[in-house]
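All remarks here apply to the structure that follows.
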Amino acid sequence: MKGLLLKDLYAMRRSLPVFLLLIVVFAAPGGGGASFILFYAIVIPINLISIDERDRFDGLLMALPAHGAALVASKYILSYGYMCVTLLVAAARGALSQSLLPGAQQTYWANIGVSLALALAMEAVILPILYRFGMERGRPLCVLAILVAAALLGALSGLTSEIPPAPALVPAALAVGALLNAASMPLSARLYERRMTA
Amino acid sequence: MTEYAIEARGLEKRYGDFALQGVDLALPQGCVLGLVGENGAGKSTLIRMILGACRPDGGTVTTLGVPAGRSAAFARAREEIGVVLDDACLPQNLTAAQLGRAMAGVFARWDEKAYRAFLNRFGVPEGQRVSQLSRGTRMKLALAVAMSHGARLLVLDEATGGLDPIVREEMLDVFNDFTREETHSVLLSSHIVTDLEKICDYVVFLHEGRVLLSEEKDALDERYALLPLDEASLSRLASERPGAILRTLRAHGQLRALALRDKLPPDAPAERAGIEDIMLLLTKGEEWQ
């Protein structure tokens, strides 16, 4: 597991600074918002899966004392890592804003909470699709999933401009996102193993 | 300790029109087995089953004494299997040094010192990305990975294909060194029959999903012979010694016959039949009427 995680980190080391820059730029005051950049978390596993497919890494995996589940878990973990870094930067920005404009942060955190829940849900849906169908066949379905998520977000934004999301709903949304992920990772692993051993 | 490094019995696998049927294969410990066959004969499918990467539809396969599959026991057995595949399948963005660090986190018995020694011996640059290496160097890197975690079994699927003769010779030397340990075994699948002739103890010839021939290499010499005779001489010989001539093939204006050596008269002009001759005659030749 550790080795596969390291392999993935090395594989994306050239794009890593770009991701960090995006987080800083978007999450900083005046940037587009941490809510938006959270959705980029899905790009990390998509990139890594396409790199694995290009390298035909499943060929090497059958030579390693590791199951496909470890390779799948590595993608989820790196994506969660990205979300954590984004949240840290967002927290720093929130703290800064709080010191400048006390009391105006409730909507900010509610939006981030909802975006995190949506990003988690999107990941939970997209990764099993990619592991089931592969990049080539899975990509159109993923685009569809992203469009649906964007439409949902748009609808939600429309609502929240008039009625701020009830903070009580955010933990529930996050719990749903977390639950979906808890089911998604073993499902992806199973689908990947099945595709590999067919 | 099990007697065989690999033992397959009655393996079956079906993919659309292709079927691997009733494949038996046994690689004794300390030996080199050459798996030979034309493209699409089922060699890679068989190797995938030996490595537990593909479920057979029927039959059994044990590798290093453990049933091949997705079990935890087989994952542990994989610690002792070194694999080199046709196109190496290494992560293109990584350097050899990074690959070593990643593999150290995968194999419990990863030997970084041995890995560096192999890189040095094979002339693989540590700091260059895999994508920047030539095919030969990539295969050497894959071999360095395969041999740096205390493997007892090497599985090589077309590992020498597309390499120049010098690199191939270097790799064969490494395989030879590896099998000096009596518990070390090698399964080598290759189109390059001359490579197999150099190092194999056993030969399994797969044709259209079936084992057409499975013999000790030295026994092939004792069993088969080539007869460079014209049709009339062959007819005469066939009537004198029924069953002596197995197959004939006319190629490049020449008639060649594959015969059973023990059925030939002592004065027959029998020549040594190489693996390639036997392969060609068994698959392309016609049965002698």
Side-chain angles (χ1 to χ4, degrees), chain A residues 1-19 43-75 77-78 131 134-135 186-198, chain B residues 13 15 44-45 47-56 68-95 97-110 129-131 138 142 145-146 149 151 153-157:
Chain A
M1 173 70 201
K2 190 181 125 200
L4 295 178
L5 201 58
L6 194 58
K7 185 273 298 176
D8 280 344
L9 269 174
Y10 283 136
M12 59 178 282
R13 73 189 191 286
R14 291 166 88 192
S15 52
L16 214 52
V18 177
F19 282 108
V43 178
I44 289 176
I46 290 176
N47 270 358
L48 289 170
I49 293 169
S50 50
I51 289 172
D52 280 351
E53 282 196 9
R54 181 200 65 190
D55 296 344
R56 294 183 57 202
F57 190 75
D58 55 340
L60 184 63
L61 189 67
M62 71 179 172
L64 306 179
H67 286 306
L71 189 71
V72 169
S74 160
K75 310 304 188 261
I77 288 170
L78 287 172
Y131 278 115
M135 282 306 287
L187 177 66
S188 292
R190 207 168 152 185
L191 292 170
Y192 180 60
E193 292 269 357
R194 191 184 293 175
R195 197 155 62 94
M196 264 184 69
T197 56
Chain B
K13 185 75 189 176
Y15 286 116
S44 295
T45 302
I47 285 177
R48 281 172 59 80
M49 287 196 275
I50 287 167
L51 294 173
C54 158
R55 262 190 303 269
R70 312 301 296 168
S71 67
F74 193 69
R76 282 193 296 278
R78 276 186 180 167
E79 288 277 356
E80 297 187 295
I81 307 173
V83 182
V84 181
L85 299 172
D86 182 14
D87 62 355
C89 301
L90 299 171
Q92 302 281 307
N93 293 357
L94 270 64
T95 64
Q98 288 167 342
L99 186 62
R101 285 194 283 276
M103 291 299 115
V106 172
F107 287 103
R109 291 166 59 199
W110 181 256
R129 281 191 287 141
V130 170
S131 60
R138 273 205 307 274
V145 171
H149 54 85
L153 169 66
L154 279 184
V155 176
L156 310 152
D157 187 10

Top contributor to chain B contacts, counting heavy-atom pairs under 4.5 Å, from A:R13, A:K7, A:M12, A:K2: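 Of the options given, most contacts go to A:R13.
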Relative to chain B, which of A:G3, A:A70, A:A66 shows the most heavy atom pairs under 4.5 Å?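 So the answer, after comparing A:G3, A:A70, A:A66, is A:G3.
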Select one option (side chain, backbone, both, neither) describing which atoms of [X] are under 4.5 Å from chain A's heavy atoms.
{"X": "B:L90", "value": "both"}
{"X": "B:S71", "value": "backbone"}
{"X": "B:L85", "value": "side chain"}

Leading residue by heavy atom contact count with chain A [cutoff under 4.5 Å; candidates [options]]:
{"options": "B:V83, B:V145, B:V106, B:V155", "value": "B:V106"}
{"options": "B:E80, B:M49, B:E79", "value": "B:E79"}
{"options": "B:R78, B:R101, B:H149", "value": "B:R78"}

Could you report the tightest heavy-atom contact between B:R70 and A:G68, atom names first, then the distance?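 Answer, listing the atom of B:R70 first, then A:G68: NH2-N, 3.9 Å.
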To check you understand the geometry: which heavy-atom pair defines the closest contact between B:F107 and A:P65, and what is its length?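 Result for this residue pair: CE2-CD, 3.2 Å.
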Can you tell me how far apart CD (B:Q98) and CG (A:L6) are? Round to the nearest 0.5 Å.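 One finds 8.0 Å between CD of B:Q98 and CG of A:L6.
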Distance from A:D58 atom CG to B:C89 atom SG, nearest 0.5 Å?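 Output value for this atom pair is 7.0 Å.
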Crowded around A:R56 CZ? As in, over 12 foreign heavy atoms under 6.0 Å?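 No, CZ of A:R56 has 12 or fewer neighbouring heavy atoms, counting only those of other groups under 6.0 Å.
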Residue by residue, which of residues 44-54 of chain A have a heavy atom closer than 4.5 Å to a heavy atom belonging to chain B?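 Within residues 44-54 of chain A, near chain B: A:I51, A:R54.
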Qualifying residue for side chain to side chain contact (heavy atoms under 4.5 Å, CB included) with A:Y10, from B:T95, B:N93, B:L94: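 Result for side chain to side chain contact (heavy atoms under 4.5 Å, CB included) with A:Y10: B:L94.
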